[in-house]
Structures are given as structure tokens and as C-alpha cells.
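Here is how names work: the chains are called A, B, and so on, in the same order as the sequence lines, proteins then strands, and each is numbered from 1.
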Number of protein chains: 2
Amino acid sequence: MISMYKKYVKILKDHAIIITSPRLDILKFLDEHHTHPDVEEIYTSLKKKHPSLSRTTVYNSLEILKKNKIIQSLTISGSELRYDIKEGLHHHFLCKHCGRIFDISITCPNMNRTVAGGHHVEEVQGYFKGICKKCQTKEKERRNNG
Amino acid sequence: MISMYKKYVKILKDHAIIITSPRLDILKFLDEHHTHPDVEEIYTSLKKKHPSLSRTTVYNSLEILKKNKIIQSLTISGSELRYDIKEGLHHHFLCKHCGRIFDISITCPNMNRTVAGGHHVEEVQGYFKGICKKCQTKEKERRNNG
DNA sequence: ATTCTATTTTGTAATAATTACAATTTTGTA
DNA sequence: TACAAAATTGTAATTATTACAAAATAGAAT
Ligand SMILES: [Mn+2]
Ligand SMILES: [Mn+2]
Ligand SMILES: [Zn+2]
Ligand SMILES: [Zn+2]
């Protein structure tokens, strides 16, 4: 049972972060859901198995995971932060129609930049916004069938 | 007096947007302040010369200017939207220390992309975050002088 | 210039995301 | 097992943004 968390226990230990079940659960959730959820989605999902969970704990846990660069937050939506396990730099696409956020794997010479305009760079985020593949298909079908 | 607004009147006319003084003022402000201000900064500045101005009007005006692609909003900060007159695509740098946002002119092959991962792209935003040139200098001085 | 109507502005109230904070609980260590 | 530091919880406060209705205004028609 606890073995399901072994991987996440190790991550926290390696970063000298105190091991708690909210932290393990959040890490596991993000590892298993690469959908870039917001706090509310994470909270609602985990609350089912862990009814005493507090929203504040989700905020706090995400904060410490982020400070340790285990996860990253995306500001792509403009209204709420989205969270992502940090494994390999990649860019993101937000569909204005369905709201989903997709990973985009494109080569980008600026991805690993440490300097830009003379400033010291610590984070790089590439955001693309438009209409996703699936929403375009649906739209075409809607036009054809009426 | 009204001639100061000629340029902005033309922009609105060209887009068939009704000409109102809040819209002209906001456009002028963004044209003269390339600091990527948020709603509050715009509102506070313009309120001085135009005391009846409402915050809601600032939100509404920015919205219509954005819909017409005259301006763009940046989600870089993660807490509030920042606004920018849209003239030539460029990337942005946010200083985590002083909070300022700078234009970054770097070549980027993805800047004019219309497709990414099979999705239809309408907007591209490149965000860099770290410590700006000036804040780094200050920090060095602080360390040297004590 | 005057009238008229659609659109905009204004002010206030509502909502949504996030942060602050103090009491309670838990973790890691001794 | 006992203890202190750190985390979790629940609630209240704050901040950014949106909703909405009444008053004002822009632009077209007269
Ligand atoms: Mn991702
Ligand atoms: Mn800019
Ligand atoms: Zn979609
Ligand atoms: Zn700075």
C-alpha cells in the first residue's frame, strides 16, 4: 500500500522535504495526470480518498514542491495556476474552445537560455493558444452536418 | 488638444470601434508606457485626468481593444493580467525581484507558428523569468559594501 | 442643430482564486 | 515514548475579475 508511494517518498527525501500524505498524494496525482490541473481539480480529486484534506494544504504543498523545482506552475490560463510535474522542458498549448492544455514538443533554441536581454533567466515558458485538433474536427463536422 | 488623440482615433476608426474618451486615453497610455501595466495602474493613472472613470470601463475597454488585436494581454505574472500595445511580436522577461516586465528581442522560430502539435495556433507567448540586469547589479553592490 | 437608439460608462454587488492566520495535529528525532 | 519544529486544517481576509442595471454618450438620421 505504502509501496505505491515509494517513488514519491524518494523524491521528497532527495529534496529534504518532510514526508506527509498530502504531499505524496499530490505528487502521485500530478505524476498520473498530465492534464495540467488547477488547485481545485487536485483538491476535489484527493478529497475523496482523504476527506480531511484542506484546500490550504494543497496550496502549501504545491508551493513547497514548486520551490524545490519538482513541479512547475503554468500561468497560461490567466485566471488560475495550472500544475505540471517537471520532467523535461516543454512548451504548452491552451485550447480557447475546450480549455485543455497540451504538451507541445517542438525544438526551441531559447528553451535552455540562461540569459535574455542581459537578464538572468531561471524559468522559460512557451505558450501557444488557439483551437485544438479535436475542437477543429468537431467544428468541421458541425458545419457539414448542420 | 483633441489632435493629441488623432493617432488613436484613427486606430479605433480603422477597427470600426466606437470612439470614446476612455478608449482613447487607454490606448494613449499604453502607447506611451511600454511597462506592461495592469488594470490598476492604468485606472489609477487615468483617473487623475478623468475622475469619473470607472474600473469596469477600464476592464471593458481593454477587452474590446484586445478582441480587435490592437493590444495583447500577458499572463506572465500569474496573478493579474498585464497589457501591451501590439506592435511586432516579442517575448517578455519578468524579474522575480522587482516585478518589472521587459521586452526581449530574440529570434525565435516559433514566434510566427500557425500550427503546433497539430493544433491551430492564434497566439504565441514566450515568457522568461529570473532576476533582471539592474537587480543583479544592486545585489552585487550590496554584497560588496555590506 | 435636434432627435433617437444602440452602445458605453458608471457604481455597486457578486464571484473566484489566493493568502493570512491561529489552533490542532503530525513528523522526525532523541 | 516524549518533544519541538513543522505541517495541516478551517476560517477569515484579500485581490482580481465579472455581472448587472441605471445613467450618460456616440453616431446616424432627420
Ligand atoms: Mn506539461
Ligand atoms: Mn511587450
Ligand atoms: Zn479544444
Ligand atoms: Zn529586477
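- Counting all heavy atoms, side chain and backbone alike, A:Phe93 lies closest to A:Lys129 at CE1-C, 4.0 Å.
- We find that CD of A:Glu63 is positioned 18 Å from P of C:dA17, with the value rounded to whole Å.
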Self-check item: For DNA chain C, the dot-bracket pattern of Watson-Crick and G-U pairs whose distances stay under 3.5 Å, | for other-strand partners
Solution: ||||||||||||||||||||||||||||||

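- Rounding to whole angstrom units, CD1 of residue A:Ile18 and P of C:dT26 are separated by 14 Å.
- With the nearest nucleotide of DNA chain C identified for both B:Gly78 and B:Pro51, B:Pro51 has the one nearer the 5' end.
- Rounded to an integer number of Å, the gap from CG of A:Leu81 to C1' of D:dT17 is 15 Å.
- Atoms CG (A:Asp38) and P (D:dA16) sit 19 Å apart, rounded to a whole Å.
- Within 3.5 Å, no donor on the side chain of A:Ser79 pairs with an acceptor on the base of C:dA16, nor the reverse.
- Within the 4.0 Å cut-off from OP1 or OP2 of D:dT8, not a single side-chain nitrogen or oxygen of A:Ser52 is found.
- Rounded to whole Å, the distance from CD on A:Glu41 to P on C:dA17 is 11 Å.
- Rounding to whole angstrom units, CZ of residue A:Arg23 and C1' of C:dT27 are separated by 10 Å.
- Separation of the A:Phe128 and B:His119 ring centroids does not fall under the 6.0 Å cut-off.
- The heavy-atom pair separating A:Ile101 from A:His36 by the smallest distance is O-ND1, 3.1 Å.
- With C:dA17, D:dT8, C:dG11 as the candidates, the nucleotide lying closest to the side chain of A:Glu80 is C:dA17.
- Other residues, nucleotides and ligands contribute over 12 non-hydrogen atoms within 6.0 Å of the NZ atom of B:Lys86.
- A:Leu53 has its CG atom 12 Å from the C1' atom of D:dG10, to the nearest Å.
- Rounded to whole Å, the distance from CZ on A:Arg82 to P on C:dA16 is 15 Å.
- Each of C:dT12, D:dT9, C:dT18 was ranked by its minimum atom distance to the side chain of A:Val39; first place goes to C:dT18.
- Backbone-only contact: A:Thr20 has heavy atoms under 4.0 Å from sugar-phosphate atoms and none from a base.
- Nearest heavy atoms, B:Val124 versus B:Met111: CG2-O, 3.6 Å.
- For A:Ser61, taking side-chain heavy atoms from C-beta onward, the closest of the listed nucleotides D:dA19, D:dT8, C:dT19 is D:dT8.
- Nearest-nucleotide mapping onto DNA chain D: of B:Thr56 and B:Ile19, the residue sitting toward the 5' end is B:Thr56.
- Scanning all heavy atoms of the two residues, the minimum distance from A:Ile26 to A:Val58 falls at CD1-CA, 4.0 Å.
- The shortest heavy-atom contact between A:Ile71 and A:Ile85 is CG2-CA, 4.2 Å.
- Ranking D:dA19, D:dT8, D:dA7 by closeness to the A:Thr57 side chain, first place goes to D:dT8.
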